[in-house]
Protein chains: 2
Amino acid sequence: MAVSARESGGSRRYGQGREALLQAAVQVVADQGLRNLTYRAVARKAGVAHALVAHHFGSREALLTAALRFSLDNSVTTISARPGSGDLDALFVGLSTLVEANPHDQAFQYELILESRRRPELRPYVVDIYQTYVNALHAELEHAGVQPDVALTHVIYAAADGLVFHQLTIGNPDLTERSLQRLRSLLKTRCQDSDPAAATGIAGRRCEERGLQE
Amino acid sequence: MAVSARESGGSRRYGQGREALLQAAVQVVADQGLRNLTYRAVARKAGVAHALVAHHFGSREALLTAALRFSLDNSVTTISARPGSGDLDALFVGLSTLVEANPHDQAFQYELILESRRRPELRPYVVDIYQTYVNALHAELEHAGVQPDVALTHVIYAAADGLVFHQLTIGNPDLTERSLQRLRSLLKTRCQDSDPAAATGIAGRRCEERGLQE
DNA sequence: AGGAAAAATGTCCAATTGTTCAGTTGTAGG
DNA sequence: CCTACAACTGAACAATTGGACATTTTTCCT
């Protein structure tokens with residue numbers, strides 16, 4: 001399916017070139033790699049002249065930085081389906097679906113995390129979104145009575161991140177979901193062990209263990 | 001520290017150009033990205049003429065494939081410090097040190113896992129090493145009395161993978177180690193819950209809980 | 001020693017690259 | 001309407017790229 005000119009999508013209006021270029025940059029990186037992030041490739045996908053990239057961003061590096069900011073701003077940072085509910089079963093709900101829905105953004109972000117190893121000016125953005133995720137996760141775990149410290153929060157974040165990375169590259173959303181259920185189980189047992197309130201039933205739905213199959 | 005000509009390392013002998021190029025390719029990708037994996041960059045780092053790349057590998061793509069094979073063959077696939085011991089405390093021991101010791105190989109492999117999304121011929125290698133890791137992990141977990149299924153093994157693998165990825169990009173080996181301790185704790189509690197033998201002391205050191213601080 | 005095969009080199013080329021620039025088109029405010 | 005300014009374009013250019021090729025060097029075998 002060869003897409004001509006406007007490369008899939010409605011006609012663009014005057015003044016919308018910049019955003020079109022940012023979206024195009026994310027897509028190009030996601031499905032052709034940083035190697036093929038060229039003025040011409042991005043411009044073609046955005047349906048504009050390639051000189052417009054230089055006009056808006058000045059350089060290829062600046063385009064990449066702007067695209068990362070753009071991608072992160074449009075990213076979902078909710079970690080739970082019912083934030084603040086303390087329900088572990090709501091944690092990471094829909095994660096596999098989210099990856100399936102827009103693999104482009106995910107792939108782009110992983111590419112840029114690796115790139116940030118070599119481009120220090122990208123690091124603040126990477127560190128910032130990590131902190132955002134981890135803070136949200138820490139709050140959820142606390143509400144669930146897990147009594148998390150930095151290390152525990154980190155390893156759970158790492159697990160979710162690893163699951164996303166694996167699904168993105170090798171596939172299989174089903175395995176992701178089943179693995180998330182195991183992760184929740186692990187948290188529940190720790191929760192029961194460490195929270196005496198839950199054991200005596202005082203904390204209500206906290207640390208409730210539900211059926212593993214569904 | 002500008003390194004001239006031979007670019008750090010003793011003088012190479014006739015017949016060793018191929019391996020030198022493979023090592024150089026891994027290093028170039030790791031610290032300059034796939035974008036700068038060029039005949040000339042690799043040849044410079046290997047201390048040979050750039051035409052030698054084409055002579056040995058035929059094309060840039062073939063060089064990349066060969067470099068991936070080379071990197072995976074030289075990779076450590078032991079998951080435990082005492083394989084088969086059933087000791088959870090030996091699981092993932094030295095992981096942060098391993099990443100610190102050769103970040104090049106790790107970074108190279110992550111770059112190529114992402115690349116395998118676009119180059120189907122790379123996928124078999126990626127899938128293969130994943131299977132190797134997961135199988136080894138599954139065996140260790142079984143010896144430890146964790147009674148793992150595919151999903152549990154997968155999520156633990158994902159956690160370790162996520163920790164490595166994070167350490168590689170954002171840093172902090174200390175956090176990795178402390179997170180691994182939390183991971184082991186989680187496994188031990190599950191182990192105790194699911195393994196009646198451990199509870200009655202029949203299984204010996206299986207599922208033994210040790211002090212969290214050290 | 002001699003000759004064949006493999007390893008290694010230097011040179012060449014068309015294609016693509018990032019970037020510059022002079023010019024054109026569209027738009028908002030007076 | 002018109003003018004100033006931003007968005008946008010097409011053409012140009014030097015540098016770098018992957019790859020091809022003919023040639024030289026090294027090694028190994030008889």
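All of these numbers come straight from a predicted model, not from anything done at the bench.
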*Nearest nucleotide by nearest heavy atom, which residue falls closer to the 5' end of DNA chain C, A41(A) or A54(A)?*
A41(A)
_Among V53(B), T65(B), L37(B), V42(B), which residue satisfies the side chain to side chain contact (heavy atoms under 4.5 Å, CB included) criterion with R60(B)?_
L37(B)
*asked:* At 4.0 Å (heavy atoms only), tell me whether L21(A) reaches a base, stays on the sugar-phosphate, or touches nothing.
replied: nothing
Roughly, in whole Å, what's the span from [atom1] in [X] to [atom2] in [N]?
X	N	atom1	atom2	result
Y39(B)	dT16(D)	OH	P	19 Å
L63(B)	dG18(D)	CG	P	10 Å
R60(A)	dT17(C)	CZ	P	11 Å
E61(A)	dT17(C)	CD	P	17 Å

Short N-O contact, [X] and [Y], less than 4.0 angstrom:
X	Y	result
R184(A)	E140(A)	no
D149(B)	R182(A)	yes
E61(B)	R35(A)	no
D31(A)	R117(B)	no
K188(A)	D89(A)	yes

*asked:* Across nucleotides 8-15 of chain C, 5' to 3', mark each nucleotide with B, S or - according to how protein heavy atoms within less than 4.0 Å reach it.
replied: BBBBB---
*asked:* For dG18(D) and R35(A) - does any side-chain N or O of the residue sit under 4.0 Å from the phosphate oxygens OP1/OP2?
replied: yes
